[in-house]
Protein chains: 4
Amino acid sequence: MPSAPISPRKTPRQARARATVAAIEEAAAHILTHGGVDALTTNLVAARAGVSIGSLYQYFPTKEAILAELLRKLRREHLHDLERAAQQGGDDLRSTTTRMIRASIAHHTEAPELARALEAAESHLPLDAESEALKTQISAIWTATLSTHALPDPSQAAFDLAALTHGMVTRAVQAGERDWDNLAARVTRAALGYLHLCTQDDHQPTQQP
Amino acid sequence: MPSAPISPRKTPRQARARATVAAIEEAAAHILTHGGVDALTTNLVAARAGVSIGSLYQYFPTKEAILAELLRKLRREHLHDLERAAQQGGDDLRSTTTRMIRASIAHHTEAPELARALEAAESHLPLDAESEALKTQISAIWTATLSTHALPDPSQAAFDLAALTHGMVTRAVQAGERDWDNLAARVTRAALGYLHLCTQDDHQPTQQP
Amino acid sequence: MPSAPISPRKTPRQARARATVAAIEEAAAHILTHGGVDALTTNLVAARAGVSIGSLYQYFPTKEAILAELLRKLRREHLHDLERAAQQGGDDLRSTTTRMIRASIAHHTEAPELARALEAAESHLPLDAESEALKTQISAIWTATLSTHALPDPSQAAFDLAALTHGMVTRAVQAGERDWDNLAARVTRAALGYLHLCTQDDHQPTQQP
Amino acid sequence: MPSAPISPRKTPRQARARATVAAIEEAAAHILTHGGVDALTTNLVAARAGVSIGSLYQYFPTKEAILAELLRKLRREHLHDLERAAQQGGDDLRSTTTRMIRASIAHHTEAPELARALEAAESHLPLDAESEALKTQISAIWTATLSTHALPDPSQAAFDLAALTHGMVTRAVQAGERDWDNLAARVTRAALGYLHLCTQDDHQPTQQP
DNA sequence: GATGAATGAGGATTCATTCAT
DNA sequence: CATGAATGAATCCTCATTCAT
């Protein structure tokens with residue numbers, strides 16, 4: 001269980017330094033995407049980044065720090081997408097939920113392997129302040145969205161919807177699915193069902209129970 | 001791309017050998033539960049099992065084979081629980097689904113850390129015949145259950161419900177939740193919503209959208 | 001550097017025991033032939049011989065003892081072949097030499113891989129009495145043969161001819177040669193040249209130096 | 001059937017690195033000379049070289065790569081010696097052959113144990129391009145030398161002479177012989193005999209068959 | 001600041017050999 | 001006597017990290 005510092009060792013001030021950091025992150029992301037965590041070795045990252053191993057350690061105190069930074073970046077993007085989805089459009093719960101689910105899908109969609117690898121690594125990572133804050137904010141957005149409607153426990157619902165979405169999307173992506181509209185529709189159906197906002201209107205045949 | 005043999009090296013014939021194998025599996029499960037995959041070293045497993053490293057390799061050709069065996073055991077239990085849930089009780093889709101969801105919860109509930117670790121490891125494991133068969137059978141049970149009712153694509157629904165359940169349960173367990181009845185109710189709500197079998201009856205207030 | 005006993009642990013008296021020993025030797029020879037020394041593990045030998053590892057150690061105190069026994073067997077056969085070659089036919093040096101060379105070729109010819117492996121292993125083996133004796137006898141035969149003719153140092157010549165033959169044959173076999181008559185002719189030419197018994201008679205064109 | 005890369009992992013750029021590599025090769029040669037291939041363990045080599053095991057693996061990807069490098073060095077020297085022997089002096093076949101045989105003797109003479117160990121190891125080694133090239137060139141020199149004279153199959157003769165020389169020298173060295181002039185004379189006699197260039201002139205008494 | 005050589009603890013796996021049953 | 005389960009020293013090799021230049 002590591003307890004070492006997990007944030008970048010020093011914030012790059014000069015342009016060259018910023019480029020170095022970017023190269024390292026890019027290299028790490030590439031390796032993570034194509035080879036998984038097991039392939040992520042500091043020496044390989046440095047090599048792919050075209051940087052000496054010494055320089056890598058100039059900016060990242062440990063290997064975990066690299067992973068943590070990539071994870072933060074991913075979460076930042078996710079938060080940003082969710083924020084846009086929550087604000088834009090009408091405040092109709094159904095359509096807002098749908099937009100947010102689409103945003104979550106997009107999150108796993110751009111670089112599925114990378115997202116998978118980072119999330120798997122998350123449990124080994126000591127959580128820094130920013131990561132915690134991001135998680136809280138993401139959760140807060142869902143909660144806020146759901147709070148505009150009468151729900152007994154909006155934060156519980158937020159938690160469950162995030163989990164449900166994450167579970168379905170992850171598995172679908174893993175299974176090679178690529179029809180995002182179809183996937184979004186299915187996830188939405190489950191989510192609205194959870195919220196007791198059932199719909200018989202979708203392109204779904206009638207049922208005889 | 002894994003390719004090595006993954007089944008146990010030889011089947012223990014004598015009682016002593018069976019005890020050895022059991023001790024190894026138990027030790028591995030314990031380590032996996034408390035330290036995760038990274039803590040699972042063959043030497044540690046052997047030590048905890050009170051067995052020499054040589055004995056471990058008599059029965060498991062590689063470290064992965066141990067993981068594979070534990071995974072098989074987990075799936076066997078899961079399959080068994082699902083079968084019971086599918087058969088027992090009326091063929092009412094709602095109650096059958098509820099029972100199956102409860103069975104799935106139980107699957108993650110007895111040893112959550114172990115299940116998490118094993119599932120995370122699964123993608124690195126070369127799947128043997130039995131593992132494949134178990135996966136197929138588990139999937140088939142869901143499909144069969146859903147097929148008794150008019151659904152456009154039962155196998156798709158089976159896939160989605162399993163993913164949805166898995167996602168919600170995993171996260172809840174991870175977050176420290178222990179009220180399984182409550183969890184089961186929430187998952188079921190999402191599942192029935194997905195299946196267009198909405199309910200206003202649960203201990204849930206009515207909503208005005 | 002082993003100094004342990006190298007002769008069989010006990011001489012098999014009963015028929016069953018003799019069969020066991022034979023099976024072990026056969027298995028070891030097979031493995032040596034097809035996989036080389038590195039493939040020769042005691043457990044594998046026992047398995048191939050259809051014998052328990054415990055039984056193997058009943059008859060051979062160490063792995064080296066098995067190799068030593070195979071080597072002795074090989075040398076016994078070589079000695080026997082050489083004896084026949086030395087005795088049979090006229091005592092004409094040229095033809096005797098030819099016959100003995102043919103015998104040596106045969107020695108490497110029946111199971112080239114085995115012979116190679118055993119000879120390579122020889123240097124690691126503590127020499128037992130019988131092996132020493134066999135070597136002496138083989139050398140003595142060459143010496144005796146050459147002694148019937150006026151040579152300054154028959155034992156030196158014996159040594160050299162054996163080495164020359166061994167070197168040429170080994171390499172030729174290794175290179176995949178299979179025309180033994182041709183090989184024998186070439187070796188003989190070198191041998192007779194060494195003995196100053198030159199021949200312009202072979203199917204060899206005339207030379208202009 | 002070997003297939004792994006066998007050339008050094010990276011070429012040392014700094015002086016310190018070059019010293020490390022040299023130390024490793026020296027240590028390996030020493031161990032090989034005094035203990036044989038079985039004594040050659042990577043940890044021992046590193047220890048004797050006064051270098052960490054990690055450093056060893058910076059420059060040699062596998063243990064075999066070390067052997068391969070030593071073998072290459074040996075062959076390079078052999079080739080060089082042969083080239084000098086072939087060029088210098090008159091083009092008289094007899095004296096050229098003698099010089100080349102002396103060169104070959106020198107090859108086994110400087111570090112007999114090392115040469116023996118390396119040659120024994122050769123069959124287990126995946127041959128890289130340079131090794132192949134060296135072998136070809138060595139063989140070509142013999143062939144070229146013999147081609148200047150009317151011989152039915154110069155490349156066959158080259159092969160045989162190399163084998164004959166190798167066999168006699170190896171055995172003589174092994175037997176503790178140190179009088180190289182005498183050895184060279186005997187080998188030459190066999191070689192010239194093979195080539196049908198017999199001599200009664202050496203310090204050898206006349207024979208009556 | 002940058003470089004890359006060096007480090008060495010740690011981890012997977014093998015195999016000759018012993019010994020209780 | 002036979003069996004085969006158990007042993008553990010020994011071996012190859014990796015990779016995060018440090019530090020002299």
Side-chain angles (χ1 to χ4, degrees), chain A residues 2 4 10 12 14 16-17 20 38-47 51-66, chain B residues 10 12-21 38-47 50-64 66, chain C residues 2 4 10 12 14 16-17 20 38-47 51-66, chain D residues 10 12-21 38 40-47 50-64:
Chain A
K10 64 172 87 174
Q14 299 168 14
R16 180 151 64 116
T20 299
D38 292 351
L40 192 83
T41 69
T42 50
N43 282 288
L44 184 56
V45 171
V51 151
S52 74
I53 183 66
S55 289
L56 185 152
Y57 275 91
Q58 195 78 207
Y59 295 108
F60 295 92
T62 65
K63 186 170 91 154
E64 276 69 38
I66 304 176
Chain B
K10 69 170 152 192
R13 299 183 179 279
Q14 303 180 4
R16 186 163 50 135
R18 244 174 286 127
T20 298
V21 170
D38 291 350
L40 193 82
T41 70
T42 51
N43 284 292
L44 184 54
V45 171
V51 148
S52 75
I53 182 66
S55 286
L56 186 154
Y57 276 94
Q58 293 261 355
Y59 300 105
F60 297 93
T62 64
K63 187 169 81 154
E64 278 69 39
I66 304 176
Chain C
K10 65 171 92 174
Q14 301 168 14
R16 181 150 64 115
T20 300
D38 290 352
L40 193 81
T41 70
T42 51
N43 282 287
L44 184 55
V45 171
V51 152
S52 74
I53 182 67
S55 289
L56 185 151
Y57 275 91
Q58 196 78 207
Y59 295 107
F60 296 92
T62 65
K63 187 170 90 153
E64 276 70 38
I66 304 176
Chain D
K10 69 170 154 191
R13 298 184 179 281
Q14 303 180 4
R16 185 161 51 133
R18 243 173 286 126
T20 298
V21 169
D38 291 350
L40 193 82
T41 70
T42 51
N43 285 293
L44 184 55
V45 171
V51 148
S52 76
I53 183 65
S55 286
L56 186 154
Y57 277 96
Q58 293 259 357
Y59 300 104
F60 297 94
T62 63
K63 188 170 79 153
E64 277 70 39

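Hydrogens, waters and symmetry mates play no part in the numbers below; they use all other heavy atoms, side chains included. Order of the sequence lines sets the chain letters (A, B, ...), proteins ahead of strands, with each chain counted from 1.
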Using a cut-off of less than 4.0 Å, is there contact between a side-chain N or O of B:Thr42 and OP1 or OP2 of E:dA12? yes
Considering Watson-Crick and G-U wobble pairs with both distances under 3.5 Å, what does E:dT21 pair with? F:dA2
Kindly give the heavy-atom pair with the smallest separation between B:Lys63 and B:Leu40, and that separation in Å. NZ-O, 3.1 Å
Looking only at side-chain atoms of C:Ile53, point me to the closest of F:dC13, E:dT18, F:dA9. E:dT18
Grab the CD-P distance between D:Glu64 and F:dC13 for me, whole Å please. 7 Å
With the side chain defined as heavy atoms from C-beta on, D:Lys63 is closest, among F:dC12, F:dA6, E:dT17, to F:dC12
For C:Tyr59 and E:dT17, give me the distance from atom OH to atom P, rounded to whole Å. 18 Å
Tell me whether the side-chain N/O atoms of B:Ser52 come closer than 4.0 Å to OP1 or OP2 in F:dG8. no
On the nucleotide E:dA6, are OP1 or OP2 found under 4.0 Å from the side-chain N or O atoms that D:Thr20 carries? yes
Taking the side chain of C:Tyr57 as heavy atoms from C-beta outward, which of E:dT17, F:dA2, F:dA6 is closest to it? E:dT17
Classify B:Leu40 by what it touches in the nucleic acid, base, sugar-phosphate, or nothing, heavy-atom distance under 4.0 Å. sugar-phosphate
Would you compute the distance between atom CD1 of B:Ile66 and atom CG of B:Leu56 and round it to the nearest 0.5 angstrom? 4.0 Å
With a non-hydrogen cut-off below 4.0 angstrom, is C:Thr41 in contact with a base, only sugar-phosphate, or nothing? sugar-phosphate
What's the CZ-C1' distance between C:Phe60 and F:dA2, to the nearest Å? 16 Å
Of the options F:dC13, E:dT13, E:dT18, whose atoms approach the side-chain atoms of D:Asn43 most closely? F:dC13
What distance separates D:Gln58 CD from D:Ser52 OG, expressed to the nearest 0.5 Å? 8.0 Å
So what does C:Leu56 hit on the nucleic acid, given a heavy-atom distance under 4.0 Å: a base, only sugar-phosphate, or nothing? nothing
Assert: residue with more 5' nearest nucleotide on DNA chain E, out of D:Gly54 and B:Arg16, is D:Gly54
Report the distance from atom CZ of B:Phe60 to atom OG1 of B:Thr42, rounding to the nearest 0.5 Å. 12.5 Å
On a plain distance test, is the side chain of B:Gln58 in donor-acceptor contact with the base of F:dA6 below 3.5 Å? yes
Winner on side-chain proximity to B:Val51, out of F:dT17, F:dT7, E:dA16, is F:dT7
Counting only side-chain nitrogens and oxygens, does A:Ser55 get under 4.0 Å of the OP1 or OP2 atom of E:dT3? yes
